[in-house]
Amino acid sequence: MKLLVAGILFLAASMVSASGSGSSSKPLAGAYPIVLTHGIFGWGKSTGIIDYWGGNAAYLTSQGATVLTPTVTATDSSANRAAQLKTAIQVAMAANNYTGKVHIIGHSQGGLDARYLISNLGFSGKVATLTTLNTPHLGSPVASVIDAVIPSWALPYVGTVINTLVGVVYGQSSQNAVAALKLLTVAGSTTFNNNTPNVSGFKYYSYGSYITIADLIQHPAMGLLAPICGIGAPFFGQSVLNDGVVTDTSMRWGTWKGGPSIPITTTGIDHLEATNALYLGQTWYDTNGYFLKMAQNAKSNQ
């Protein structure tokens with residue numbers, strides 16, 4: 001009888017052990033929480049089928065990660081958005097009694113917001129790694145062209161119209177489209193970089209993608225902007241390769257890690273497809289695999 005009981009206890013312990021090892025075998029188990037920060041005109045938590053992260057946040061969660069998707073103002077300077085981001089992260093950490101570090105993966109302006117947070121808001125000790133995705137670190141030729149085309153006297157009026165429209169759509173009263181535009185120009189990025197130096201010893205990683213053929217089937221929106229971006233890029237000393245709004249040159253910051261693996265029939269990955277925003281990318285490449293690769297790199301460097 002003693003042998004029987006011992007055998008049952010051993011079997012039960014083995015099953016518990018197996019169950020535990022199964023959960024810990026998830027590739028992101030043990031990773032610091034991952035914060036996904038959105039770009040201009042973006043949002044955090046998904047609403048119904050309207051998902052900025054195209055299911056990638058949920059996928060990272062299924063792979064063992066704790067994922068936060070804060071929302072900051074859709075159009076504003078990175079200084080203001082970074083302050084909102086800091087508060088959102090602190091509130092989430094406090095709510096979960098978590099005092100450790102986080103990883104940040106920032107898309108587009110979200111990468112600039114995170115850089116400002118780390119360099120200027122005393123948050124480098126709370127962030128283990130920063131990964132930027134299709135972020136215009138050196139500005140966007142498209143933003144510079146728009147800024148040059150709109151007369152200075154008309155810009156405040158245009159900004160007011162955009163602020164109003166964006167405020168209604170997003171349900172946010174405080175918008176500053178002019179500040180966002182100025183930041184994202186090549187000249188604005190130079191000022192930003194001068195005021196936002198890298199923190200010594202901090203781990204910066206960057207990923208990015210570009211359109212190979214500006215076809216309007218795969219790239220209905222970015223395909224229209226890609227030629228403008230490509231034509232304007234050489235005037236700013238940047239590569240003609242771009243994702244529709246950001247050049248390959250501008251995406252590189254810290255340790256460059258490249259882009260996603262794409263099928264031969266895919267005509268590149270544009271700015272929106274990079275996050276699978278509105279599920280626009282998953283038809284063309286493995287978006288989940290791409291985000292997992294970025295998250296695993298962050299985990300291995302925590």
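Computed from a predicted model, the values in this text were never measured in an experiment.
In terms of heavy-atom proximity, Gly39 sits nearest to Ser108 at CA-CB, 4.0 Å. Shown here for Leu36 and Ala57, the closest heavy-atom pair between the two residues is CD1-CB, 3.8 Å. Closest heavy-atom contact between Met251 and His137: O-CD2, 3.5 Å. Annotation for Met93 and Val102: closest pair SD-CG1, 4.3 Å, computed over non-hydrogen atoms. The minimum heavy-atom distance linking Asp270 with Ser209 is given by the pair O-OG, 4.1 Å. Nearest heavy-atom pair, Gly223 versus Ala214, reported as atom, atom and distance to 0.1 Å: O-CB, 3.7 Å.
Under the 4.5 Å side-chain heavy-atom criterion for ILVMFWY residues, no single connected hydrophobic cluster contains both Tyr157 and Leu165. Trp253 and Trp256 end up in the same hydrophobic cluster when Ile, Leu, Val, Met, Phe, Trp and Tyr side chains are linked at under 4.5 Å. In this structure, Ile146 is not a member of the same hydrophobic cluster as Phe236, with clusters built from ILVMFWY side-chain heavy atoms closer than 4.5 Å. Side-chain heavy atoms closer than 4.5 Å link hydrophobic residues (I, L, V, M, F, W, Y) into clusters, and following such links, even through other members, never connects Val91 to Trp43. Connection of Ile34 to Leu68 is established within a shared hydrophobic cluster, with ILVMFWY side chains joined at heavy-atom distances below 4.5 Å, either directly or through further cluster members.
Between the Thr71 side chain and the Gly44 main chain, a donor and an acceptor come within less than 3.5 Å of each other. For Asn242 (side chain) and Val240 (main-chain N/O), a donor-acceptor pair under 3.5 Å exists by modelled atom type. For Tyr207 (side chain) and Phe291 (main-chain N/O), no donor-acceptor pair under 3.5 Å exists by modelled atom type. Although no hydrogens or angles enter the test, the distance criterion places a donor-acceptor pair under 3.5 Å between the side chain of Thr212 and the main chain of Gly268. Remark: the backbone N or O of Asn301 is paired with a side-chain donor or acceptor of Lys203 at under 3.5 angstrom. One N or O on the side chain of Ser250 and one on the backbone of Gly139 form a donor-acceptor pair closer than 3.5 Å. Of the possible polar contacts, none joining the Lys86 side chain to the Phe123 backbone as a donor-acceptor pair under 3.5 Å is found. Judged by distance alone, with hydrogens and angles left aside, the side-chain atoms of Ser189 form a donor-acceptor pair with the main-chain N or O of Val186 at under 3.5 Å. Within the 3.5 Å criterion, the main-chain N or O of Val246 finds no donor-acceptor partner in the side chain of Ser140. No donor-acceptor pair under 3.5 Å is formed between the side chain of Tyr116 and the backbone N or O of Asn195.
A distance of 6.5 Å separates CG of Leu85 from CG of Asp113, quoted to the nearest 0.5 Å. Between the OG atom of Ser77 and the CG atom of Leu184 there is a distance of 10.5 Å, given to the nearest 0.5 Å. Between atom CD1 of residue Ile40 and atom CD of residue Gln109 there is a gap of 5.5 Å, rounded to the nearest 0.5 Å. Distance OG/Ser206 to NZ/Lys257: 9.5 Å, rounded to 0.5 Å. The CG atom of Leu112 lies 8.5 Å from the OG1 atom of Thr132; values are rounded to the nearest 0.5 Å. With values rounded to the nearest 0.5 angstrom, Thr66 atom OG1 is found 7.5 Å from Asn96 atom CG.
The closest side-chain donor-acceptor pair between Gln282 and Thr287, if any, does not fall under 3.5 angstrom. Counted by atom type alone, His103 and Thr131 present zero donor-acceptor pairs between their side chains at under 3.5 Å. Side-chain atoms of Glu273 and Gln218 include a donor-acceptor pair closer than 3.5 Å. Side-chain polar atoms of Thr73 and Gln175 form no donor-acceptor pair below 3.5 angstrom. Between the side chains of Thr247 and Gln238, a donor-acceptor pair is found at a separation under 3.5 Å. Under the 3.5 Å distance criterion, with hydrogens and angles disregarded, no donor-acceptor pair is assigned to the side chains of Tyr290 and Asn276.
With contacts defined as side-chain heavy-atom distances shorter than 4.5 Å, the pair Thr75/Asn176 does not qualify. When side chains are defined from C-beta on, Leu28 counts as touching Gln296, because their heavy atoms get closer than 4.5 Å. For the pair Leu216 and Leu224, the minimum side-chain heavy-atom distance is below 4.5 Å. Ile150 is listed as a side-chain neighbour of Val158, based on a closest heavy-atom distance under 4.5 Å. Using a 4.5 Å cut-off on side-chain heavy atoms (C-beta onward), Trp284 and Pro263 make no contact. Using a 4.5 Å heavy-atom cutoff, the side chains of Leu155 and Asp147 are in contact. Counting only heavy atoms from C-beta outward, the side chains of Lys126 and Lys101 never approach each other to under 4.5 Å. Using a 4.5 Å cut-off on side-chain heavy atoms (C-beta onward), Tyr204 and Ile118 make contact.
In summary, of the residues considered (Asn193, Asn120, Thr135), a side chain to side chain donor-acceptor pair (under 3.5 Å) with Arg115 occurs for Asn193 alone.
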How far apart are the C-alpha atoms of Asn56 and Asp51, what are their side-chain angles, what is the distance that settles it, and do they pass the side chain to side chain contact (heavy atoms under 4.5 Å, CB included) test? CA-CA 9 Å; Asn56 285 311; Asp51 190 347; over 6 Å; no

Is there a side chain to side chain contact (heavy atoms under 4.5 Å, CB included) between Arg81 and His38? Walk through the geometry before answering. CA-CA 10 Å; Arg81 285 167 47 117; His38 64 77; 3.9 Å; yes

Can you check side chain to side chain contact (heavy atoms under 4.5 Å, CB included) on Gln302 and Thr129, steps first, answer last? CA-CA 7 Å; Gln302 65 187 29; Thr129 66; 5.5 Å; no

Using the rule given for side chain to side chain contact (heavy atoms under 4.5 Å, CB included), can you reason through Leu130 versus Leu117, listing the C-alpha separation, both sets of side-chain angles and the distance that settles it, and then say yes or no? CA-CA 11 Å; Leu130 169 61; Leu117 169 69; over 6 Å; no

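No more than 12 heavy atoms of other residues, nucleotides or ligands lie within 6.0 Å of CD1 in Ile217, so this atom counts as exposed by the packing criterion. More than 12 heavy-atom neighbours from other residues, nucleotides or ligands sit within 6.0 angstrom of CZ on Phe192. Residue-environment remark: CZ (Phe235) stays at or below the threshold of 12 foreign heavy atoms within 6.0 Å.
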